[in-house]
2 protein chains.
Amino acid sequence: MARTKDYGHFCVIARSLEVIGEKWTLLVVRDLLRGPQRFTDLLRYMGGITPKWLSARLRELEAEGIIERDSVEGRREVWYRLTKKGRDLAPVLESLAVWGIEHAMRPPQPGEPIFPEMVLQATTIFLNRRGVHPAKPLVWQFEFGERRAVFVTFDGERWSSRQDEPGAADLTITTTLGALIAFLYAPLSERRSLLSGLSLEGSEDARQIFLETMTRPAAATA
Amino acid sequence: MARTKDYGHFCVIARSLEVIGEKWTLLVVRDLLRGPQRFTDLLRYMGGITPKWLSARLRELEAEGIIERDSVEGRREVWYRLTKKGRDLAPVLESLAVWGIEHAMRPPQPGEPIFPEMVLQATTIFLNRRGVHPAKPLVWQFEFGERRAVFVTFDGERWSSRQDEPGAADLTITTTLGALIAFLYAPLSERRSLLSGLSLEGSEDARQIFLETMTRPAAATA
DNA sequence: CTGAATCCGACACGATACTG
DNA sequence: CAGTATCGTGTCGGATTCAG
């Protein structure tokens, strides 16, 4: 007993950290917030984690009721997804991201893997934080050639990023990871000129909304 | 290099966790959010931490620009306090507390130290979360006999708990730790009857505001 | 009394290889 | 695809000691 991850304090913050404060745990939640994932998906997103520790974290999270396993009948695949208790961690991840954007962000280091999923996840967190509110709900589909598509949605209240298609897309953005990052991390004044790296496919209305959302001061990332 | 606390991901969340994700780090911030503290204050609040690790964490936090050391001229005391970068972590602590209140709280375990500072800190986080908004700013002073007083303030926007006096108190609540916990953790319907364990000293107006704030549905803790 | 440093053991974690 | 097994290292807890 008295395992080293425990604090033994009568304090809700310490209690929360006992549950989700170990290494990798919140990053598993981060990735599952974009939708259900398989073991190897998670392994790939969390560059550097070993299968042993991913197993351990997944079993702990399942024991805590934060994630659930979904085995597809007949197949050996296992899909992991968040329970409500797990989805309720979204504000924790968002506050961490907001703090990190202001105080810990840095350019990609040599050798650091970059995933469009996470770039867009950070973008939606930022749009929520800045209170960017389009007039109506929308679905943007980002395509990167070989990779899986990533969907950015606004449901009328909140932005989120998903990997499973949430419905018919209003706009499809085809681009490369490099062009997307160049666009998102550019100062607002330069964004319009970087649009050439993005191919937008959708109604004129949908293209206008995208343009306004991404080049309005409230959506600045820098 | 490639220390084990690092992730090597291009992700703001992973970056934040590299900075504040190690054991004890966020609990240091938790305690400093209530005001500047000395080494031994922190040692006491974080039951179980060894001086060695508290030293290490304080030096790391200082190197990151999250805390600052204040040496009082002539005295050997060192006071630690948060910088803006550190105060900006408040939303992270709050979201952790909110999640913990719903999903990880449990009654005090045998041997767990209990501090009124943390009980009241959790209370103010909860009042903020529930959007409890008295008509005007206020200062409540909680007295527990021998211990230092704890101040709960509402500045017109947000609740907070402090250990240094923020100004003249509108109301002084004298009680014991046991009576306070019994009161705060009781269902709303039973709170009024538990008021007998609290001695309120202040204007009739101030007493009324306290009563309404603490027995109104929005302020429920259970 | 405050703010540490030191030694040692337990365990959390990383690297690599391997399996159903 | 979804994990285990083995082995080494790093992080942390516990006790003791020490200087200002």
Side-chain angles (χ1 to χ4, degrees), chain A residues 1-9 14 17-28 31-32 36-63 67-81 111 113 148, chain B residues 1-9 14 17-28 31-32 36-63 67-81 111 113 148:
Chain A
M1 278 307 151
R3 305 256 317 289
T4 112
K5 73 164 180 180
D6 293 324
Y7 290 104
H9 294 194
L17 291 171
E18 287 178 1
V19 178
I20 49 79
E22 286 174 298
K23 193 166 182 187
W24 301 110
T25 302
L26 278 181
L27 297 190
V28 174
D31 289 335
L32 291 178
Q37 313 274 357
R38 291 168 301 181
F39 189 86
T40 40
D41 297 327
L42 296 169
L43 211 50
R44 186 164 32 87
Y45 289 127
M46 286 179 271
I49 196 174
T50 62
K52 166 185 171 176
W53 285 110
L54 181 55
S55 292
R57 290 295 171 265
L58 289 171
R59 270 185 274 108
E60 291 161 11
L61 284 167
E62 193 185 1
I67 66 173
E68 286 172 339
R69 294 165 55 102
D70 256 339
S71 309
V72 180
E73 191 65 32
R75 285 184 160 260
R76 251 174 28 83
E77 289 185 344
V78 179
W79 288 83
Y80 294 93
R81 57 187 170 80
R148 269 166 88 179
Chain B
M1 278 309 147
R3 305 257 316 288
T4 115
K5 74 164 179 180
D6 293 324
Y7 289 105
H9 293 195
L17 291 171
E18 286 178 1
V19 178
I20 50 78
E22 286 173 297
K23 193 167 182 187
W24 300 112
T25 302
L26 278 181
L27 297 190
V28 174
D31 290 335
L32 292 179
Q37 313 274 355
R38 292 168 301 183
F39 188 86
T40 40
D41 296 327
L42 295 170
L43 211 51
R44 186 164 32 86
Y45 289 128
M46 285 178 269
I49 196 174
T50 61
K52 165 185 172 175
W53 285 111
L54 182 54
S55 293
R57 290 295 171 266
L58 290 171
R59 269 184 275 108
E60 291 162 10
L61 285 167
E62 193 185 2
I67 66 173
E68 287 171 339
R69 296 164 55 101
D70 254 340
S71 309
V72 180
E73 189 64 33
R75 285 184 162 262
R76 274 195 287 96
E77 290 183 344
V78 179
W79 288 83
Y80 294 92
R81 58 186 170 80
R148 269 166 87 179

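Here the structure is a predicted model, which means the values were calculated and not measured.
Atoms CG (A:Leu27) and P (C:dC13) sit 12 Å apart, rounded to a whole Å. Spacing between atom CH2 of B:Trp53 and atom P of D:dG10 amounts to 12 Å, rounded to whole angstrom units. Residue B:Arg57 contributes atom CZ, which lies 16 Å from atom C1' of C:dA5 at whole-angstrom precision. The nearest whole Å value for the distance from the CD atom in B:Glu22 to the C1' atom in C:dC13 is 13 Å. Summarising the geometry, the separation between CG on B:Leu54 and P on D:dG14 is reported as 14 Å, rounded to the nearest angstrom. A straight line from CG of B:Asp41 to P of C:dC1 spans 14 Å, rounded to a whole angstrom. Rounded to a whole Å, the CD atom of A:Glu18 is 15 Å from the P atom of D:dC12. Atoms NZ (B:Lys23) and P (D:dG10) sit 20 Å apart, rounded to a whole Å.
For the pair B:Val19 and B:Thr25, the minimum side-chain heavy-atom distance is 4.5 Å or more. B:His9 places none of its side-chain heavy atoms less than 4.5 Å from the side chain of B:Leu17. Looking at heavy atoms from C-beta onward, B:Leu61 lies out of side-chain contact with B:Tyr80 at the 4.5 angstrom threshold. Under the 4.5 Å side-chain criterion, counting only non-hydrogen atoms from C-beta, A:Ile49 is not in contact with A:Leu27.
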Enumerate all atom pairs, one protein N or O and one N or O from nucleotides 4-7 of chain D, separated by less than 3.5 Å.
none

Considering only nitrogen or oxygen atoms on both sides, find all protein atoms under 3.5 Å from nucleotides 17-20 of chain D and state each distance.
{"unit_1": "D:dG20", "atom_1": "N2", "unit_2": "B:Arg76", "atom_2": "NH1", "d": "2.9"}
{"unit_1": "D:dG20", "atom_1": "N2", "unit_2": "B:Arg76", "atom_2": "NH2", "d": "3.3"}
{"unit_1": "D:dG20", "atom_1": "N3", "unit_2": "B:Arg76", "atom_2": "NH1", "d": "3.4"}

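Closest to the A:Arg69 side chain, of the nucleotides C:dG3, D:dC12, D:dG3, is D:dG3. Distances from the side chain of B:Tyr80 to the nucleotides C:dG3, D:dC12, C:dA4 place C:dA4 closest.
Taking side-chain N and O atoms only, A:Trp24 has a distance below 4.0 Å to OP1 or OP2 of C:dG14.
When all heavy atoms of B:Gln37 and B:Asp31 are compared, the closest pair comes out as NE2-O, 3.2 Å. Counting all heavy atoms, side chain and backbone alike, B:Leu54 lies closest to B:Phe39 at CD2-O, 3.5 Å.
When atom types are taken as modelled, the side chain of A:Tyr7 and the backbone of B:Trp24 share a donor-acceptor pair closer than 3.5 angstrom.
Each of A:Leu43 and B:Ile49 was assigned the nucleotide of DNA chain D with the nearest heavy atom; the assignment lying further toward the 5' end belongs to A:Leu43.
Here A:Glu62 does not pair with A:Arg59 in a salt bridge; the nearest charged N to carboxylate O distance is not below 4.0 Å. Salt bridge B:Glu18/B:Lys5: absent, no basic N to carboxylate O contact under 4.0 Å.
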